[in-house]
Amino acid sequence: MRIGELAHATGTTTRALRYYEEHGLLRPERSANGYRSYGPDAVRVVENIRLLLASGLTTDDLLLIEDCLRDELAGTHRCAEPAAKTALLEQRLTVVQGRIDELARVRAELLDRLTELGARPGNGCRQEAHPLAAAAVPSR
């Protein structure tokens with residue numbers, strides 16, 4: 001399969017595929033004329049790369065677990081030598097939780113400012129709680 005076909009099959013761009021190749025995550029074969037040729041497992045690899053990048057991992061992280069990129073990651077997947085991979089995922093989970101905590105703090109501050117604005121006499125704002133104040137903040 002050629003690069004355009006892989007891009008179409010995975011819903012990504014040829015530029016993204018070249019980026020993955022530059023970072024060692026995708027290894028196409030080259031034909032005599034220099035065109036990239038991708039094997040049948042390339043679709044799964046690209047889908048896994050996109051899933052893991054969207055999950056907060058970096059391309060450097062993915063290089064550490066690249067043997068898992070060719071496998072089905074959903075369901076009952078088990079990587080070989082899971083200790084290093086587990087440590088990496090736990091580290092990334094900590095980073096993601098930190099981002100969530102920071103966003104929750106910013107959200108609370110914004111809601112406090114909205115409440116303060118609504119409580120000032122003569123500012124034209126009703127003194128009701130903002131609708132977002134009632135939304136639940138996700139917990140760990």
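Every value quoted in this text rests on a predicted model; they were computed, and no experiment measured them.
- A salt bridge does not link R50 with E47: none of the charged nitrogens is closer than 4.0 Å to a carboxylate oxygen.
- Looking at E102 and R99, no side-chain N of the basic residue comes within less than 4.0 Å of a carboxylate O on the acidic one, giving no salt bridge.
- A side-chain donor-acceptor contact under 3.5 Å links S31 and N33.
- Heavy atoms only, all atoms of each residue included: E5 and R2 are closest at OE1-N, 2.6 Å.
- The closest side-chain heavy-atom distance from R107 to L111 is below 4.5 Å.
- No cation-pi contact links R30 to Y35, judged by a cut-off of 6.0 Å to the six-membered ring centre and 45° from its axis.
- Listed for the H8 side chain is no donor-acceptor partner under 3.5 Å among the backbone atoms of G4.
- Cluster membership for L51 and V95, using ILVMFWY side-chain heavy atoms within less than 4.5 angstrom, is not shared.
- The closest side-chain heavy-atom distance from R92 to T58 is below 4.5 Å.
- Between E21 and R36 there is a salt bridge, with a side-chain nitrogen of the basic residue lying less than 4.0 Å from a carboxylate oxygen of the acidic one.
- Within the model, atoms OG1 of T59 and CD of E22 stand 10.5 Å from one another, a figure rounded to the nearest 0.5 Å.
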Q: Show your reasoning for whether side chain to side chain contact (heavy atoms under 4.5 Å, CB included) applies to R18 and L26.
A: CA-CA 8 Å; R18 288 185 194 100; L26 197 56; over 6 Å; no

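- Between the side chain of D112 and the backbone N or O of E109 there is no donor-acceptor pair closer than 3.5 Å.
- Follow the hydrophobic side-chain contacts under 4.5 Å out from L110 and you never reach L114; the two are in separate clusters.
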Q | Candidate pair L25 and V45, rule side chain to side chain contact (heavy atoms under 4.5 Å, CB included), full reasoning | A | CA-CA 8 Å; L25 299 173; V45 171; over 6 Å; no

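- Of all the heavy atoms in A7 and T13, the pair that sits closest is CB-C, 3.9 Å.
- To the nearest 0.5 Å, atom CG of residue D61 and atom CG of residue L88 are 4.5 Å apart.
- A distance of 9.5 Å separates OG1 of T10 from CD1 of I49, quoted to the nearest 0.5 Å.
- For the atom pair Y38 OH and L17 CG, the distance stands at 5.5 Å (nearest 0.5 Å).
- Interatomic distance, OH of Y20 versus CG of L6, reported as 10.0 Å (0.5 Å rounding).
- The CG atom of L62 sits 5.5 Å away from atom CG of L57, with the distance rounded to the nearest 0.5 Å.
- Between I100 and Q97 the shortest side-chain heavy-atom distance falls below 4.5 Å.
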